[in-house]
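Source: prediction; values computed, not measured. Reckoned from all heavy atoms, side chains included, excluding hydrogens, waters and symmetry mates.
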Amino acid sequence: MAMDKTFDAKTAEARIYEMWENAGAFKAGANASRDETFCIQLPPPNVTGHLHVGHAFNHTLMDILTRWKRMQGYDTLWQPGLDHAGIATQLMVEKELAATGQPKRTELGREKFLEKVWEWKGDKGGVIEQQARRLGDSMDWSRSAFTMSGAESAPEGEKPGNFHDAVLKVFVQMYNDGLIYRGKRLVNWDPHFETAISDLEVENIEVDGHMWHFKYPLAGGETYEYVEKDEDGNVTLRETRDYISIATTRPETMLGDGAVAVNPKDERYAPIVGKLCEIPVGPKAQRRLIPIITDPYPDMDFGSGAVKITGAHDFNDYEVAKRGNIPMYSLMDTKGAMRADGKPYVEEAATAQAIANGEQKFDEAMIAAMNMVPEEYRGLDRFEARKKVVEDITSEGNAIMHDVTRTEKDEDGNKVEVTETVPFVEAKKIMQPFGDRSKVVIEPALTDQWFVDTAKIVGPALDAVREGRTKIMPESGEKVFYHWLENIEPWCISRQLWWGHQIPVWYGHPVHEINWATDKRLRTEPGANVDHTSFDFVAFCAPTFEQAQEQALEYYRIKGIASPETVIEIEAAPTRESYPMGWAPDNIELWRDPDVLDTWFSSGLWPFGTLGWPEDNDAMKYFPGDVLITGQDILFFWVARMMMMSQAVLKEDPFHTVYLHQLVRDAKGEKMSKTKGNVIDPLDMINEYGADALRFSNAQMAALGGVLKISEDRIKGYRNFGTKLWNAFSFADHYEIAYPGDAARPTATQTLNKWIIGETGKVREEVDAALESYRFNDAANALYAFTWGKVCDWYLEFSKPILQGEDATAKAETEQTLRWVLDQCLILLHPIMPFITEELWGLADSRAKMLVHADWPTYTAAELVDADADREMNWVIDLIDNTRSARAQSHVPAGAKVPLVVTGLDAKGQSAWDNNHVLIQRLARIESLTAVDAFPKGCVTIPMEGGTFGLPLADLIDVPEEIARLEKTLQKLAKELGGLRGRLGNPKFVASAPEEVVAEAKENLALREGEEAQIKAAIARLKEIG
RNA sequence: GGGUGAUUAGCUCAGUUGGUAGAGCGCUUCCUUUACACGGAAGAUGUCGGGAGUUCGAGCCUCUCAUCACCCA
């Protein structure tokens, strides 16, 4: 049966994939013939995700390695799975609810909403797993993991799994080890999602902003001499001021100022340090006075050199406020609007003033409860509040003014200059933090959150890289890794979301005093500001309520006298006032922390959570895994955290190699974005050119550390490569070469067969060496050059005369060799191009195994290369190349057969000719060879080692053109000769260069000199007739 | 401001301990010759960003400048 003209990727790929999957070809341990394991953990895509070019790229690399190792007989596992992706998924489901007119999340309530999310996951989640199959990914789908599997909210019938157990176990263990704590800290707050997010989820983007300059009047109308000096100490400005000038980009936060700070070295403000100044906003009667303090933070050269300190709304100010024990007033609610809760401003301001005056003690909780927003601003959005604050300050005359002159036309059309005094507002580029999901401006907010004390667990991860236990590729990644880990900040792991692992902590009222005799009901301290996020409650951390209950009974010291029934779980209250006060032994109420964990906390456990841990599980043999392949953008998000968590929990590194790649860009190197419209969908590429072409293109561009630019032209080129391979089989078909399959390597006697077998040995070594060092591009290029450049261009051409010839022995040997070589191409190409190779493999009469499980060869170049055959075939190729080149440049018609003459042919040359003249004559279109003493007139010269060949073209050649051709060659040669002679003439080179380099140069020189002589002689002859 | 990387053929990029530059695409010419026009044959194009240094020898190592990209403030 004749083969189709080309490989029909569209229908074949689906069929082949199904065949593999049905055969269980990708199952953990499939085809294993040795004990060593090889395991890759897929970076879990979001459950909401779709396959994009970045996935396609790194999946290709992972699949290449997995298929390669599987063929080598390793016990392989490529572990797939999905990430529940807290914010992204919650957002998507909320959008869906809105789009379909269903009740909102908050209307549904937590339980119902989570049902919806699971429902959505069941319907639409995991699309990407189907898409990954299109790429040919050989993951063990039967083991697909999900980071929320086993969660309390999971519905019946949801795939089994215990990731939730792993998460809770780790949380509890780390809590008990003191690695996780709760605290009030300034965190990045996302006003859209109303949750805290980690530093890494914040994108700082430069935007156009403004810098306002305001006067903070000194208390009691005090004045001072304000003096400015230039670099040489000359006075440039001297004036009496009754204010201090403050520059700010965020006027709305002035309401929460706790102090004004100046640099201790700043002489300009030395006279007023320690005095009080007035925040120039809010009701005139309750203007707050705040102290002027010193701190190293203010930069004397920036703005006025004085900085307002708003500890609850700026990260730098927060540090200053902590150092100076300055109160930090929170001004905004969870949506980023000015707070509307708390006491009337008059009362709050009075308390604040008492604090500023040092008359009133304060603590965190007290400050947190105070609302320093005057009534007129309460409830305003933060940006509206900014506008109003600026207007109010300006109208009161506390804005710094300056003169601006502009040109206008008067009534008569004459140009006149108009000078106006206007508020001094600088237009300025400012770095503004945005949520990477919500795209809204992030607000630093003082809230109670859970943190991982990263400083305590970072050590082993750093050591792993420092000591080489974990290798980061490319190496530059290591520097970045050190830099970040050495300066690591606490990791905020609580999120005010619903979709995620709920924090396994229950709170109860603390025992402040016990008086069993008089009061059965013990109360919390009167007036304490408490909420479920406060230290004023006592926390019980346990994986289940039952275990928390045990702890509670212990804590309240009533074990034995009260039964578990008296300790009950209630819902966490929305506000602190809603909690019942105190507790009684017969009614102890516990409520669970409503927050969930950062998604990355669970994905940090991916290397072992997927393998069934903490259950004792056979799959744990795949831990630690081998190599992690992922985008460099999640080095910190994920890679570093997996390393820290694996060490913290299991005291082992999760993998020995981290392969980082860059973002995949379009052909021009630009980021792909929907708005730019330059998004390449890998599925489109697969539909158009087949998965193999896309995969080959991916492998080919995977140079370590390289920029990844995906180009459709390239993919097309590799589709063509697939067709070329296809046609090599079609060639065998055409010559009716038997294809029994799985035949042993023939023992070759024919030079060309010996040669191609040797070349196969070389390429196998190249491919293995490349893959072992993750140089996928080298592996791909070596195979491309071998298959196309060696096998198709030369070997198949060389084989034609034998296949058509009469020598039955030679023919049989060549047929077997050809089949063997083509099979080797299939095996070696399979990890990169699995589909077309499996299809071609199936053309054989019989196969012991599918190609996906074929044995990877181990032969070496040393074993297979026959040096004589190698030399001879290369000589033949050279002669053909040179002859073709001479013909083309002499305009000999491509089809014409011409005679060839030779002079000075030595024994080696003679034998090479004799052995291969049929090939040479066929491929170079030579009629005959005649040995001559001297070339006839008008002969084109082809210099070769072991003899000078010539094409006697007589009148056909254009003498001046031929002379020009030869002189050009001579010029090139002269350049090379110059270099060689220069080097060899330099005594220092001969003395200091390695011997083999010198020997090589000498040999090269002799060769080139011979060529030069031949060409010079040829030019001389031509000149005779010219 | 700090860090990392890049700068090589018209384009996109390789180039592994320093030994005298390659691939794919594109381009030019020729060829529909019995595997393949998703093909074959031939060909052109580079002071390897600028400058300096180390070395017998530098695309590669060192310094410096320029431009660009990304990450972190």
Whole angstroms only, please: what is the OH-P distance between A:Tyr795 and B:rA35? 16 Å
Name the nucleic acid region contacted by A:Arg884, choosing base, sugar-phosphate or nothing; use a 4.0 angstrom heavy-atom cut-off, strictly under. sugar-phosphate
Select one nucleotide: of B:rU16, B:rA41, B:rG39, the one nearest the side-chain heavy atoms of A:Asn720. B:rG39
With a 4.0 Å cut-off on heavy atoms, is A:Asp713 in touch with a base, just the backbone sugar-phosphate, or nothing at all? sugar-phosphate
Kindly point out which of B:rA35, B:rU16, B:rA41 is positioned nearest to the side chain of A:Ser730? B:rA35
Considering all heavy atoms of both residues, which atom of A:Asp4 and which atom of A:Trp726 are nearest to each other, and what is their separation? O-NE1, 2.8 Å
Assign A:Asp881 to base, sugar-phosphate, or nothing according to its heavy-atom contacts below 4.0 angstrom with the strands shown. sugar-phosphate
Would you state whether a donor and an acceptor, one from the side chain of A:Arg925 and one from the base of B:rU33, lie under 3.5 Å apart? no
Gap between atoms CG and C1', on A:Leu980 and B:rC56 respectively (whole Å): 14 Å
Using only side-chain N and O atoms of A:Lys5, determine if any of them is under 4.0 Å from OP1 or OP2 of B:rA37. yes
Reckon A:Glu797 touches a base, only the sugar-phosphate, or nothing at all at heavy-atom distances under 4.0 Å? base
Pairing of RNA chain B as dot-bracket, 5' to 3': ( ) intra-strand, [ ] crossing, | other strand, . unpaired, with Watson-Crick or G-U pairs under 3.5 Å? (((((((..((((.....[..)))).(((((.......))))).....(((((..]....)))))))))))).
Identify the pairs formed between an N or O of the protein and an N or O of nucleotides 57-61 of chain B at a distance under 3.5 Å, and give each distance.
none

Indicate yes or no for a side-chain donor-acceptor contact from A:Ser885 to the backbone of A:Asp881 under 3.5 Å, with no hydrogens or angles considered. no
Taking for A:Asp793 and for A:Lys988 the nucleotide of RNA chain B with the nearest heavy atom, the one nearer the 5' end belongs to A:Asp793
May I ask you to decide if A:Ile737's main-chain N or O and A:Arg819's side chain share a donor-acceptor pair within less than 3.5 Å? yes
Would you indicate which nucleotide in B:rA35, B:rA14, B:rC38 comes nearest to any side-chain atom of A:Thr6? B:rC38
Side chain of A:Ala728 only, heavy atoms from C-beta on: which candidate in B:rA35, B:rC38, B:rA41 is closest? B:rA35
